[in-house]
Amino acid sequence: QALAATLLIVAAPAHAQVSISPGSTWALGGGTLDHGCTALQVGGTAQVDGGQWTGMTDVSLTTPSGTLHGGSGVLALSGQFGGGAGFVPGTGTVRMGDGCGSAGAGIGAATGFYTLEVATAQGRTLTLPAGAAVSIAHRLALTGAPGQLLRLRSSSPGQAAITALQPGASQSVAYVQVSDNHATAQ
């Protein structure tokens, strides 16, 4: 008798990233770029301009000189937003939502946004930096779903994060559970 063997090769999913090196500039202009569930690491300069930069898992500024200019466009991700002092919001929108297999989302440092939208239909957690302010100049939208709440948490339980709406900023909040977070309106 002949013995037949079948070999099944299963490959683990590949995880890639886009890196913008120090001294380099990447400008989106008015176009659309879908990252296909990869991370964006900015060591140089990235400009959203009036375009739409979507499909990112995480966005991080990897050097002290790394800058990300929001322009008037949309930056959409599903995971962690490194932000901090190197993020220049312009009049753009940062949109965090379900997708790319990310279990939760987070903002890693005190960051100013023009418009910040966070939405989930699956129920997830948005972690904000403890002891630091996330400020919104124009609009904050936090949206969960019935039975699938968006949970706001501090990166350090027991130590509050701060969500600060600037004068004239609006907010829309539905199906959200908050813990260890102080909200202020100026």
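Residue pairs meeting the ring-ring contact (aromatic ring centres under 6.0 Å, His included) criterion with at least one member in residues 84-112, sequence neighbours excluded: F81-F87, F87-F113. For residues 91-162, every residue pair satisfying the disulfide (SG to SG under 2.5 Å) rule, not counting sequence neighbours, is listed here: C37-C100. The salt bridge (charged side-chain N to carboxylate O under 4.0 Å, His left out) analysis of residues 139-148, with sequence neighbours excluded, yields the pairs E117-R139. Pairs passing the side chain to side chain donor-acceptor pair (under 3.5 Å) check and including a residue from residues 77-94, sequence neighbours excluded, read S78-S102. Listed by first and then second residue, the disulfide (SG to SG under 2.5 Å) pairs that reach into residues 114-183 come to none, sequence neighbours excluded. Residue pairs that meet the disulfide (SG to SG under 2.5 Å) test with at least one member in residues 132-173, sequence neighbours left out, do not exist here.
Summarising the geometry of S135 relative to Q166, their closest heavy-atom pair is CB-NE2, 3.4 Å, with the distance given to 0.1 Å. For the residue pair P89 and G112, the shortest heavy atom distance occurs at CG-O, 3.5 Å. Closest of all the heavy-atom pairs between Q41 and T62 is CB-CG2, 3.6 Å. Closest heavy-atom contact between A110 and P129: N-CG, 4.0 Å. In this structure, A109 and G82 approach most closely via the heavy-atom pair CB-O, 3.9 Å. The heavy-atom pair separating M96 from G106 by the smallest distance is CE-O, 3.5 Å.
Residues L150 and T143 fail the side-chain proximity criterion, which asks for heavy atoms closer than 4.5 Å. You'll find the side chain of L75 reaches within 4.5 Å of the side chain of L68, heavy atoms only. Side-chain contact between I107 and L116: present, with at least one pair of heavy atoms (C-beta onward) separated by less than 4.5 Å.
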Original post:
Given the rule in the side-chain contact (heavy atoms from CB on, under 4.5 Å) test, do L77 and V94 qualify, once you have shown the distances and angles that lead to the verdict?
Top reply: CA-CA 8 Å; L77 66 146; V94 173; 4.0 Å; yes
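Here the CG atom belonging to L165 is positioned 8.0 Å from the OG1 atom belonging to T163, to the nearest 0.5 angstrom. Rounding to the nearest 0.5 angstrom, the gap separating the CG atom in L61 from the OG1 atom in T111 is 8.5 Å. Atom CG in L140 sits 6.5 Å away from atom CD in Q171 (nearest 0.5 Å). Between the CG atom of L128 and the OG atom of S155 there is a distance of 8.0 Å, given to the nearest 0.5 Å.
A donor-acceptor pair is defined here as one N or O able to donate and one able to accept, closer than 3.5 Å; such a pair exists between the side chain of D180 and the backbone of G158.
Under the rule for a side chain to side chain contact (heavy atoms under 4.5 Å, CB included), the partners of V178 that lie at least two apart in sequence or sit in another chain are L152, V176, N181. Contacts of S65 classified as side chain to side chain contact (heavy atoms under 4.5 Å, CB included), with partners at least two apart in sequence or in another chain: T63. Every residue two or more places apart in sequence or in another chain that forms a side chain to side chain contact (heavy atoms under 4.5 Å, CB included) with L40 is listed here: V18, I20, H35, V42, W53, M56, V59. The salt bridge (Lys or Arg N to Asp or Glu O under 4.0 Å) test applied to R124 returns D98, not counting sequence neighbours. Applying the side chain to side chain donor-acceptor pair (under 3.5 Å) rule to T45 yields the partners T67; only residues at least two apart in sequence or on another chain are considered.
Think of Y114 as one node in a network of Ile, Leu, Val, Met, Phe, Trp and Tyr side chains linked at under 4.5 Å; it has no links at all.
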